[in-house]
Amino acid sequence: MPELPEVETIRRDLAPLVAGRRIEAVEVDPGTIHLLSDLSLGDLRSALVGRRIESLGRRGKYLLFELDDGQALVVHLRMTGRLVWRAADAPPEPYERARIVLDASSPLSLDEGEGSGVRVHHLRWSDLRKFGTWRVVGDPEAYLAKRLGPEPIDAAFSFAAFRAAVQGRSASMSIKAVLLDQRRMAGLGNIYVDEALFAARIRPATPANGVSAQALKRLWEATRRVLEQGIENRGASFKDYVDGQGNQGSQHMHVQVFRRTGKPCYACGTPISRTVVAGRGTHFCPRCQPARRRRHED
DNA sequence: CGTTACCTGAAA
DNA sequence: TTTCAGGTAACG
């Protein structure tokens, strides 16, 4: 569910609320702990309780709670994970599996009633499918560096960097599979890949090494644009995604092709097609994203 | 590389 | 009843 824009929205919501607070307690549903973490509940508590959260960061689709002992709690929401800020007396979330109890006062968030403030709050973790993960790691940079390529929305992510990521080794795979590969660039998922390929007018199944230089340039720009737009619209809430306060985003109302199978393309009116590429449901306009013309064998 | 498994629904 | 789901790791 959550791709880079969704995770970044959550980060921006929660960062000012959690920064400077101390973790008072950690509670986890006993039936979930072995899926959520590689630590026992006791070891997870030992690592977290009493620590102060210094900041909340993001890399790709991971959230990083940076702790005052140099370790970090690295959270991945996978398909249905949610992390929302709630007053301690708020009723349980649907499919709530864990909570982190935070201290009432914080030097960074002086209270204004509502939201932040003097009352005790929880981070509530809910996860219908239980795919989400919490890892406590000593060196988050190293932990993520070996799993993730560069951030596609960084100013430093130049066209040259994009081209290198796309063309680096075994480029006969589909361009969609390449964009989904987190080690090439971090943060794209099924929604934003389909949207970027539509915006760049490239058919998702096109072999990566068959994308022209011109189309590649369009794709670089489109990738960054759709991610930025997703952040502006606070993420896409097709089903499970909510932000750090539990509210839906609006990006799902602005998609051009994702889950619009059979509906008219906004550009040309042709019905949107659905196929499977890279093992994922894939949406595209057969007219705006033409199949690459096969070169004539003479 | 593509496929399967992880888990629990919602929708067709 | 069957298929599909915004993600990834493991498998062949």
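The figures that follow rest on heavy atoms only: side chains count, while hydrogens, waters and symmetry mates do not.
- For residues 258-289 of chain A, the ring pair (Phe, Tyr, Trp, His ring centres under 6.0 Å) pairs, not counting sequence neighbours, are A:Phe238-A:Phe258, A:Phe258-A:His283.
- The distance from atom CD of A:Gln289 to atom CZ of A:Arg201, rounded to the nearest 0.5 Å, is 10.0 Å.
- A straight line from CG of A:Leu144 to P of C:dG7 spans 17 Å, rounded to a whole angstrom.
- Annotation: salt bridge (Lys or Arg N to Asp or Glu O under 4.0 Å) contacts of A:Arg124 (sequence neighbours excluded): A:Glu96.
- Not counting sequence neighbours, A:Arg129 has no partner by the salt bridge (Lys or Arg N to Asp or Glu O under 4.0 Å) test.
- Taking the P atoms as reference points, B:dT3 lies 14 Å from C:dC4, given to the whole Å.
- Nucleotides B:dG9 and C:dA9, compared at atom P, are 24 Å apart to the nearest Å.
- A:Asp127 contributes atom CG, which lies 12.5 Å from atom CD of A:Glu93 (distance to the nearest 0.5 angstrom).
- A stem is defined here as three or more consecutive Watson-Crick or G-U pairs, each with both distances under 3.5 Å; for DNA chain B these stems are B:1-6 with C:7-12, B:8-12 with C:1-5.
- In this structure, the aromatic ring of A:Phe131 is positioned over the six-membered ring of the base of B:dC6, centres within 5.5 Å and planes within 30°.
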What nitrogen or oxygen pairs link the protein and nucleotides 8-12 of chain C at under 3.5 Å?
residue, atom, partner, partner atom, Å
C:dT8, OP1, A:His76, NE2, 2.8
C:dT8, OP2, A:Lys61, NZ, 2.8

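- For residues 217-227 of chain A, the set of pairs meeting the side-chain hydrogen bond (donor to acceptor under 3.5 Å, both in side chains) definition, not counting sequence neighbours, is empty.
- Within residues 258-267 of chain A, the residues approached by DNA chain C to less than 4.0 Å at the level of any non-hydrogen atom are A:Phe258, A:Arg259, in residue-number order.
- Every residue two or more places apart in sequence or in another chain that forms a salt bridge (Lys or Arg N to Asp or Glu O under 4.0 Å) with A:Asp13 is listed here: A:Arg234.
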Let me have the donor-acceptor pairs involving side chains of residues 131-146 of chain A, under 3.5 Å, with sequence neighbours excluded, atom names and distances please.
residue, atom, partner, partner atom, Å
A:Arg135, NE, A:Asp38, OD1, 3.2
A:Asp139, OD1, A:Glu141, N, 3.4
A:Asp139, OD1, A:Ala142, N, 3.3

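- Under the rule for a salt bridge (Lys or Arg N to Asp or Glu O under 4.0 Å), the partners of A:Lys176 that lie at least two apart in sequence or sit in another chain are A:Asp194.
- Across the C1' atoms, C:dA5 and B:dC1 are found 23 Å apart, a figure rounded to whole Å.
- Here, B:dT4 and C:dT3 have their C1' atoms 16 Å apart, quoted to the whole Å.
- From A:Leu83, atom CG reaches atom CZ of A:Phe65 across 5.0 Å, with rounding to the nearest 0.5 Å.
- In this structure, the side chain to side chain contact (heavy atoms under 4.5 Å, CB included) partners of A:Ser37, at least two apart in sequence or on a different chain, are A:Ile33, A:Leu39, A:Leu44.
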Could you list the protein-to-nucleotides 8-12 of chain B atom pairs, N/O on both sides, closer than 3.5 Å?
residue, atom, partner, partner atom, Å
B:dT8, OP1, A:Lys130, NZ, 2.7
B:dG9, OP1, A:Tyr95, OH, 3.0

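- In this structure a side-chain-to-backbone donor-acceptor pair under 3.5 Å is missing from A:Arg260 to A:Val255.
- For A:Met173, taking side-chain heavy atoms from C-beta onward, the closest of the listed nucleotides B:dC1, B:dC6, C:dA5 is B:dC1.
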